[in-house]
Participant: 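Questions regarding the structure given below will be posed in turn.
In what follows, every chain begins at residue 1, and chains take the letters A, B, ... in the order their sequences are listed. Note that these values count all heavy atoms, side chains included, but never hydrogens, waters or copies made by symmetry. Here the structure is a predicted model, which is why all the values come from computation and not from measurement.
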Amino acid sequence: MMKRYNPKSIESKWQQAWEQSGIYRAGDKDGRPKKYVLEYFPYPSGVAMHVGHVRNYTMGDAIARFNRMNGYNVLHPMGWDAFGLPAENYALKNHISPKRAIAENTKRFKAQLTQMGFSYDWSRELNSSEPSYYKWTQWFFLLLYHRGLAYRKESLQWWCPFDKTVLANEQVEGGRCWRCGNEVEKKALKQWFFKITDYADKLLADLDDLDWSESIKTMQRNWIGKSKGAEITFEVEGSDTQLTVFTTRPDTLPGVTFMVLAPEHAAVQRITLSQYRRRVSAYIRSVQSSSDIYREKTDREKTGVFTGAYAINPINGNKLPIWVADYVLSGYGTGAIMAVPAHDERDFDFAKKFNLPIVSVVEPKFIAVAGDSAVKAGKEFVKRESVVAVVHNPKTDEYLCVSWKTVPMNGLVTGGINDGEDPVSAARREVLEETGYENLKLVSDPGVYIHSLFYHRQKRQNRWAHFRFVFFDLLDEKRLKVKPEEAALLEPVWIAKDKLESFFTVIEGKYLVKLLDNPDTPYLGEGVMIRSGKYNGLNSSDCRERIVADLTSVHKGKEVTNYKMRDWLISRQRYWGAPIPIIYCTKDGIVPVPEDQLPVKLPELERIEPSGDGKSPLAKLKSFVNTVCPKCGGPAERETDTMDGFACSSWYFLRFADPRNHNQPFSKSKADFWLPVDDYIGGAEHAVMHLLYARFWTKVMYDAGLINFNEPFKTLRNQGMILAPDGNKMSKSKGNTIEPDALIEQGYGADSIRVMELFIGPWNQATNWSTEGLGGAYRFLQRVWTLVNEYVNSDGGDKESDTLKRIMHKTIHKVSLDMLSLGFNTAISALMECVNQLYRIKAEDGFAAVEWQWAIETLLKLLAPFAPHICEELWQNIGGEESIHLESWPNFNQAYLSEDRVTIAIQINGKIRGEISVDQNSSQTEIEFTAKENPKIKAYLVGKQLIKTIYVPNKLLSFVVK
RNA sequence: GCCGGAAUGGCGGAAUUGGUAUACGCGCACGACUCAAAAUCGUGUUCCUUUUUGGAUUGAGGGUUCGAGUCCCUCUUCCGGCACCA
């Protein structure tokens, strides 16, 4: 009697059996090579996991199971990221303690994970909010502290004077408190920081060797934001104040025309002249009351005020007015800049708005390095003062260009400027001589130059042309006759603007088109120095080094590297976190809690709401706060802030290697055995938070000698998000979440969901969930179920079947290869094809072949990482004694991967015109002969001349005919 | 604005090095079974024209090639991230 496929009746049975037999427990050492497969440990919030979350764990589980079957000692653990704000807010909302909330939610999450049949080693389960765990989080805080990487500093935070509380940036709306509507202000609070900036260079450099997606690496690179430059010190006229600025372009120092300070800059009050005070103060007030969100808008118009003071340019003594403006950020560099409007877009906008001078000191320089005009090495350059006539025909919107007849050179009308001749006349003369057009209207002569270095084919010399651009409109088409010697050389052509860029052979087309759009625009690139005294004529990049060297020698500047990344603020004025293990003593100051007094336990509190005075609720608990100084024994107070939850998640992957260690966070040998993590799987949302913090802590541990490796995650896999069927992100508020519980309840079963999660699309690509598609996965498993049970109830036979062997070996080959590259979707489609073919054989021949037992065993093994329950059940049905998940992965035999007969496509002039069937590895001559005999092909060849024949073995034959 | 990624049927998607585009699944249509429905099994399914033949087609345009979804150039759209970082 054959049972119907009913997941409900088999899945929980096997889940219990697996847990009881402990087959997924990782032994610390057993001689096999290790594999550490890890998914981000989840945050057990009040909202249950939906099918989007489940995909993450399904991928990890398939990888873990595949590796187990391939002989690896696999560590695949699970735990709970339990501390932090969401749990606390959930508890507050439901009027229960966070501890209870976490207990309830982890129970629910664990049940969800278990019902999916994931192969976790639950004996290593951990919870970051338990003292046995956070004791070591505090221990790491102390490690950082003792290594000079944790410090306390005052920092500005949003503060609501009515609610008497600190607000997060996103809780400030239009400069007002989101709760009471009062205007907020910034208040300085003492906070703890981790000095992640000390590791900026290592965090940046080591990214190169990681097997992570390019996009995440780029995000981390941008976040770290390294930029090399210099700090330059300016004297303030009539004051002993000095202003130091950071710049990446010290070469543009001669072009500085004003200075700008951030409104928060410490020197603003000191240098502002008395008659400017009121306006400056008013400006600063208005800036402070505007929200960060508003200040971060880059498209708003620049604002600022003059302080009345002047700085002195250290290189040329120029007087530079000092302004205050909020486009300069206080948190980056020194909070002050030297403004070079000719070579910086922001400074340019500011100068335009406030009518400040713009002095260009760098002229673009383009060197032709490729093509016919590329400069010839070793030849002298012939320098020429030249002019470029840009002639625009307003009627056709085309530009007058010339094409050389004798050599492959295209360009605008250019020519040398004769002695004593002004550029505009020179330009008119060249246009007339070369093209005959005489009626030109001067549009503008903005004094724009470029340097162009190229090989002049006609003159056979390397040219260094210093081109001045003069802009004309064509008044009429009247042309004078061009001298024959010019006409023999050049041909005038009119080129539309969108074709210009690719037309030019000598001048950089991209720059030119930009110039035509707007000649009045800052030049941001490198080039030749002008108006720079002794630096004139230098390349800007060389000039950069010279100026920094010169300033360094007189102590007015130095080379500096800056990072966008800031130190990591870890203080949280909230209850639900690991207490910061620090004691403040009036006599001894900041005293770290001694190691033997850890953990500093988080006391259980009745009321955990933020207290309203900007301190954590712990501050109210005298029995917690009041303590004795570990140094002098006198009365002292505890730090009452707790640590950012990201501290807990910065080392959990190490704890999994040794989760029950009471003496250390982990033993070195176990950590070095299991880590680094071989496959780390999770969404991209942690790109610059957790993934950067965890790398930072790992590097600190490495430097402290705790571990042998300095990167925690060798390979990172960012799985693609599952969207709701409507194409939106799944969220409880939108009411479009789909939970696996309901689908299992409906009878689909965990195995179908698992297959669907992986089959739905490439592992790293976002896709919409489809419940109809889930039906397809279910049908597929059902077909497997039916096939195996029909086989079990059949009489069998003893015929040999090569076809069956071929099908199975091909499937083993395809699935094995796909698993290595995470091609789960194609692996599953190969299994579907395999089952379809097995049905076909069954329909033709029944179960007569002797290979059926092997074929079905193989099929189940290949399917086991995806659908562990049904495979286990069927495995027992066909006589398996041990768990299928302890079996070895099948091997394929190369001999069965190809067919005896192959179909060769016949192309004529690149078009498929027919196909022929031949024995595998037939010779080209044979195939050509067969092809030419084919009547269809013959028709195409008759009366034509065969020029070329291309043969791709076992695939394609291509005739080229005329 | 900058950086990263993508675009293939009605839908999700497949396609070693350039070598028969549309595998697999969904949906749809038809057939078998059934009193009937569901389930299951089978057949078909890129588009246009069509008896067959044939033609077109991988976001758009151009290029290289005997041959391009795949390589090169230009552009469009979408997704993700960063955003006054001097």
Side-chain angles (χ1 to χ4, degrees), chain A residues 4 213-223 225-227 229 245-249 252 260 262 295-300 302 325-329 331-340 343-347 349-350 498-499 501-502 562-566 684-685 687-688 718 721 723 725 755-756 759-762 764-777 779-780 782-783 786 817 823 825-836 839 843 903-915 936 947-961:
Chain A
R4 266 183 66 82
S213 73
E214 245 352 275
S215 71
I216 298 272
K217 289 208 243 182
T218 309
M219 278 159 81
Q220 291 214 349
R221 282 188 195 110
N222 293 343
W223 186 262
K226 180 178 179 165
S227 54
V245 303
F246 173 74
T247 176
T248 53
R249 290 294 298 272
T252 61
V260 187
R295 281 189 70 176
E296 278 168 10
K297 276 192 178 163
T298 54
D299 52 354
R300 64 185 236 267
K302 299 247 178 315
D326 67 353
Y327 81 92
V328 174
L329 308 174
Y332 182 76
T334 63
I337 60 150
M338 58 180 223
V340 189
H343 306 294
D344 182 280
E345 264 167 355
R346 296 149 303 179
D347 298 344
D349 292 345
F350 195 80
D498 56 341
K499 298 277 189 296
E501 192 172 322
S502 50
N562 246 312
Y563 299 92
K564 282 199 241 179
M565 185 171 64
R566 308 291 146 79
E685 68 272 12
V688 288
N718 299 116
M721 213 188 309
L723 305 168
V755 167
M756 185 56 189
F759 179 66
I760 195 166
N764 55 357
Q765 198 175 301
T767 323
N768 299 7
W769 180 260
S770 152
T771 301
E772 290 84 15
L774 178 63
R779 270 191 291 280
F780 163 60
Q782 187 177 248
R783 278 162 70 78
T786 306
L817 244 56
N825 55 332
T826 47
I828 291 170
S829 96
L831 287 167
M832 289 172 165
E833 277 187 88
C834 172
V835 170
N836 290 346
Y839 263 81
T903 308
I904 306 275
I906 312 297
Q907 283 189 346
I908 289 158
N909 289 343
K911 287 205 186 246
I912 303 286
R913 292 301 181 190
E915 50 187 39
K936 231 164 118 185
I947 300 171
K948 202 172 164 188
T949 308
I950 297 122
Y951 177 58
V952 183
N954 296 325
K955 276 206 170 137
L956 170 142
L957 182 70
S958 182
F959 293 119
V960 186
V961 299

Participant: B:A39, OP1 or OP2 - any side-chain N/O from A:Arg779 closer than 4.0 Å?
Facilitator: no
Participant: Determine the interatomic distance between P on B:C11 and the same-named atom on B:U64; round to the nearest Å.
Facilitator: 33 Å
Participant: Using the side-chain heavy atoms of A:Lys948, tell me which of these nucleotides is nearest: B:C66, B:C41, B:G12.
Facilitator: B:C66
Participant: Output the distance between atom CD (A:Glu772) and atom CE (A:Met756), rounded to the nearest 0.5 Å.
Facilitator: 9.0 Å
Participant: In dot-bracket notation, what is the pairing pattern of RNA chain B, taking Watson-Crick (N1-N3 plus N6-O4 or O6-N4) and G-U wobble (N1-O2 and O6-N3) contacts under 3.5 Å, with [ ] crossing and | for other strands?
Facilitator: (((((((..(((......[....)))((((((.......))))))(((.....)))..(((((..]....))))))))))))....
Participant: Please report the distance separating the C1' of B:C24 from the corresponding atom of B:U77, rounded so that it comes out in whole Å.
Facilitator: 29 Å
Participant: Quantified in whole Å, what is the C1' atom distance between nucleotide B:G12 and nucleotide B:U46?
Facilitator: 16 Å
Participant: A:Leu831 and A:Phe759: side chain to side chain contact (heavy atoms under 4.5 Å, CB included), yes or no, with the steps?
Facilitator: CA-CA 11 Å; A:Leu831 287 167; A:Phe759 179 66; over 6 Å; no
Participant: Name the orientation of the base relative to the sugar in B:G80: syn if the glycosidic angle is within 90° of 0, else anti.
Facilitator: anti
Participant: Protein within reach of the bases, or only the backbone? For nucleotides 18-24 of chain B, mark each nucleotide 5' to 3' as B, S or -, using heavy atoms under 4.0 Å.
Facilitator: -BB--BB
Participant: Using the P atom as the reference point in each nucleotide, state the distance between B:G5 and B:C72 in Å, no decimals.
Facilitator: 13 Å
Participant: Mind checking the P distance from B:G55 to B:G59? Whole angstroms is fine.
Facilitator: 23 Å
Participant: Pick the closest RNA chain B nucleotide for A:Gly773 and for A:Met565 by heavy atoms, then say which residue is nearer the 5' end.
Facilitator: A:Gly773
Participant: Looking at every heavy atom in both A:Gly335 and A:Val328, which two are closest together, and how far apart are they?
Facilitator: O-CG1, 3.6 Å
Participant: Sequence neighbours left out, what passes side chain to side chain donor-acceptor pair (under 3.5 Å) with A:Asn836? Give chain and number order.
Facilitator: A:Arg783
Participant: For A:Gly333, report the nucleic acid contact type (base, sugar-phosphate, nothing); a contact means any heavy atom under 4.0 Å.
Facilitator: nothing
Participant: Parallel, tilted or perpendicular for A:Phe246 and A:Tyr332, by the 30°/60° rule?
Facilitator: perpendicular
Participant: For A:Ile216 and A:Ala684, work out which heavy atoms get closest and say how close.
Facilitator: CD1-CB, 3.9 Å
Participant: Please name the pair of heavy atoms, one in A:Asn718 and one in A:Ser213, separated by the smallest distance, quoted to 0.1 Å.
Facilitator: OD1-OG, 3.5 Å
Participant: Looking only at heavy atoms, what is the nearest atom pair of A:Leu957 and A:Thr949, with distance?
Facilitator: CD1-CG2, 3.8 Å
Participant: Once you round it to whole Å, what is the distance between C1' of B:C66 and CD1 of A:Ile906?
Facilitator: 14 Å
Participant: What is the distance, rounded to the nearest whole Å, between atom CH2 of A:Trp769 and atom C1' of B:G25?
Facilitator: 13 Å
Participant: Given the rule in the side chain to side chain contact (heavy atoms under 4.5 Å, CB included) test, do A:Met338 and A:Thr252 qualify, once you have shown the distances and angles that lead to the verdict?
Facilitator: CA-CA 9 Å; A:Met338 58 180 223; A:Thr252 61; 3.7 Å; yes
Participant: If you assign each of A:Phe959 and A:Tyr839 to its closest nucleotide in RNA chain B, which residue comes earlier from the 5' end?
Facilitator: A:Tyr839
Participant: Output the rounded distance in Å from NZ (A:Lys564) to C1' (B:C84).
Facilitator: 11 Å
Participant: Can you tell me how far C1' of B:C66 sits from CG of A:Asn909, to the nearest Å?
Facilitator: 7 Å
Participant: A:Tyr951 and A:Leu956: which non-hydrogen atoms are nearest, and at how many Å?
Facilitator: CD1-O, 3.3 Å
Participant: Not counting sequence neighbours, which residues clear side-chain contact (heavy atoms from CB on, under 4.5 Å) with A:Asp344? List them please.
Facilitator: A:Arg346, A:Asp347
Participant: Go along nucleotides 46-59 of chain B 5' to 3' and tag each nucleotide: B for a protein heavy atom under 4.0 Å from its base, S when only backbone or sugar atoms are that close, - otherwise.
Facilitator: ---------SS---
Participant: Where is the tightest heavy-atom contact between A:Gly333 and A:Asn562, given as atom of each residue plus distance?
Facilitator: CA-ND2, 3.6 Å
Participant: Take the protein atom CE of A:Met219 and the nucleotide atom C1' of B:G4, then report the distance between them rounded to whole Å.
Facilitator: 9 Å
Participant: How far does the P atom of B:U70 sit from the matching atom of B:G62, given to the nearest Å?
Facilitator: 14 Å
Participant: Between B:G25 and B:A14, how far apart are the two P atoms, rounded to whole Å?
Facilitator: 15 Å
Participant: For the P atoms, the ones on B:U57 and on B:G9, what distance do you get once it is rounded to whole angstrom?
Facilitator: 14 Å
Participant: Check this one for me: any side-chain N or O of A:Gln765 less than 4.0 Å away from OP1 or OP2 of B:G13?
Facilitator: yes
Participant: A side-chain contact here means heavy atoms from C-beta on lying under 4.5 Å apart; do A:Asn909 and A:Val960 qualify?
Facilitator: yes
Participant: Please tell me if A:Arg783 has a side-chain N or O lying less than 4.0 Å from either OP1 or OP2 of B:C41.
Facilitator: yes
Participant: Of the options B:G4, B:C26, B:G12, whose atoms approach the side-chain atoms of A:Thr218 most closely?
Facilitator: B:G4
Participant: With a 4.0 Å cutoff (strictly under), does any side-chain N or O of A:Ser227 reach OP1 or OP2 of B:A86?
Facilitator: yes
Participant: From CG of A:Asn764 over to P of B:G81, roughly how many Å is that when rounded to an integer?
Facilitator: 17 Å
Participant: Rounding to an integer number of Å, can you tell me how far A:Lys226 NZ sits from B:A86 C1'?
Facilitator: 18 Å
Participant: Check the phosphate of B:A86 against A:Tyr327, side-chain N and O only, distance under 4.0 Å to OP1 or OP2. Yes or no?
Facilitator: no
Participant: Just jot down the side chain to side chain donor-acceptor pair (under 3.5 Å) partners of A:Thr767, sequence neighbours excluded, or say none.
Facilitator: none
Participant: Rounded to the nearest angstrom, tell me the gap between atom CD1 in A:Ile216 and atom P in B:C3.
Facilitator: 18 Å
